[in-house]
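Here is the structure we will look at, set down as structure tokens.
Atoms within a ligand are numbered from 1 in the order they appear, just like the ligands themselves. Computed from a predicted structure; not experimentally measured. Just so it is clear, the values below take in all heavy atoms, side chains as well, and ignore hydrogens, waters and symmetry mates.
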Amino acid sequence: MEHSICTLGSHSALQILRGAKDEGFKTIVLCKQGTEEVYQQFGVADEIIRMPCFKDLPKHADELIKKKAIIIPHASLIEYTGNDEVMKLKVPYFGNKKVLEWESDRSLQREWLEKSGLKLPEIFASPKDIKKSVIVKFHGAKGGKGYFVARNEADFKAKIVNHPNEKYVIQEYIIGVPMYIHYFYSPLLDEVEIMSFDKRYESNVDSLGRISARDQIALEKVDPSYVIVGNIPLVIRESFLPQVLEMGKRVVAVSKKIAPPGIWGPFCLETILTPEMQFCVFEISARIVAGTNPYVNGSPYTWLRYNEPMSTGRRIAREIKNAIAQKKLPMVIQ
Ligand code: ATP
């Protein structure tokens with residue numbers, strides 16, 4: 001294969017690179033010095049580019065272009081490189097960069113999801129408006145660090161003092177179970193595929209139940225935090241699948257209108273599934289999510305469809321390979 005696949009050594013790089021190798025591509029990983037051993041040990045990278053820090057990726061653009069590399073973005077790549085630098089990057093990029101703007105701006109993202117007819121948590125413009133339990137989220141607080149739950153305005157005021165000068169959004173707290181839905185939209189097939197599902201393992205919220213309420217009260221100031229430390233695979237009740245598929249299709253259809261030619265490749269709807277069996281969508285990730293990492297060898301759903309191990313990383317490489325074979329590469333890269 002003439003082209004190579006490259007990504008930043010973090011997040012879901014192992015899966016992306018392994019999938020690319022399985023599809024016959026050469027692979028390049030850009031690593032922060034000191035982290036390369038993992039990529040060597042798992043044998044996923046044909047080439048390792050070492051950088052003093054993650055945000056140096058743009059400095060390697062010319063070298064990557066010469067190597068006919070195609071960059072596969074993941075959340076860490078976007079976070080460390082920064083939206084502006086990603087927009088300027090000349091290295092071929094898998095995905096529609098216009099979607100980045102819709103995803104990174106909270107109100108644009110909400111508009112996209114609302115236009116898709118999805119149910120979203122209510123937003124309270126001011127602490128005075130809090131009428132029910134809320135979750136307070138900070139801008140750019142990656143991994144849920146510092147988020148807190150508040151019952152009312154007084155509770156909010158007592159807790160926000162620990163976060164001076166931070167921008168936040170006050171969102172209705174939805175009671176239900178978190179359900180992260182992983183999709184793949186193939187522009188070549190014009191089809192939305194259900195890839196897998198996960199739930200997150202977050203510290204300390206996933207452990208609070210290990211001590212009784214009495215002891216929680218005794219341990220002063222135990223507030224839940226939502227720092228992601230891992231992902232847990234799951235399968236969903238089968239009768240939900242038609243609704244899941246419909247939600248994914250609507251998001252893709254709306255993206256074609258708001259950011260032509262629309263989203264392609266992997267994306268994830270982050271939802272809370274309520275006892276009323278309603279999906280409440282609180283976020284969209286417009287690329288591969290780390291929740292697909294348990295499925296390096298494929299998920300139950302990709303097994304049904306492909307009958308061979310098909311991770312999301314490999315599905316990306318397959319789309320690129322098919323696009324090259326059909327002379328349609330510009331349809332999937334920018
Ligand atoms: P990102 O996916 O951009 O990294 P994040 O990790 O910073 O986002 P979120 O995923 O938005 O944060 O939320 C963190 C945690 O809070 C998750 O466990 C999620 O299930 C939970 N959560 C988020 N919004 C709500 C909500 N409206 N109601 C109940 N729980 C929520």
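Contact annotation: for I272 versus ligand 1, heavy atoms closer than 4.0 Å belong to the side chain alone.
None of F124, Y168, Y173 except one satisfies the ring pair (Phe, Tyr, Trp, His ring centres under 6.0 Å) rule with F156; the exception is Y168. Just one of K67, K68, K26 meets the salt bridge (charged side-chain N to carboxylate O under 4.0 Å, His left out) condition when paired with E2; it is K68.
Looking at D198 and N231, their side chains do bring a donor and an acceptor atom within 3.5 Å of each other. With hydrogens and angles left out, the side-chain atoms of E103 and S285 include no donor and acceptor closer than 3.5 Å.
Close approach of ligand 1 to E202 (heavy-atom distance below 4.0 Å) involves ligand atoms 14 (C), 15 (C), 17 (C), 18 (O). For ligand 1, the atoms lying closer than 4.0 Å to a non-hydrogen atom of Q171 are 24 (N), 25 (C), 26 (C), 27 (N). Each of the following atoms of ligand 1 lies closer than 4.0 Å to a heavy atom of E172: 26 (C), 27 (N), 28 (N). Near P121, the atoms of ligand 1 lying under 4.0 angstrom from a non-hydrogen atom of the residue are 27 (N). Distances below 4.0 Å separate heavy atoms of I174 from the following atoms of ligand 1: 26 (C), 27 (N), 28 (N), 29 (C). Close contacts of ligand 1 with E270, meaning ligand atoms under 4.0 Å from a residue heavy atom, involve 2 (O), 10 (O).
Across K137, R200, E283, heavy-atom proximity to atom 6 (O) of ligand 1 is greatest for R200. Among I123, I135, V281, the residue whose heavy atom lies closest to atom 16 (O) of ligand 1 is I135. Among Y173, F138, F282, the residue whose heavy atom lies closest to atom 9 (P) of ligand 1 is F282.
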Q: Output, in order, the C-alpha distance, side-chain angles, deciding distance and verdict of ring-ring contact (aromatic ring centres under 6.0 Å, His included) for H3 and F25.
A: CA-CA 7 Å; H3 290 275; F25 288 97; 7.6 Å; no

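Other residues, nucleotides and ligands contribute only 12 or fewer heavy atoms inside 6.0 Å of the NZ atom of K167.
A salt bridge does not link E85 with K59: none of the charged nitrogens is closer than 4.0 Å to a carboxylate oxygen. Ion pairing of E308 with R318 is present here, as a side-chain N (NZ or NE/NH1/NH2) and a carboxylate O approach within less than 4.0 Å.
The shortest separation from a heavy atom of Y201 to ligand 1 is not under 4.0 Å, leaving the residue out of contact.
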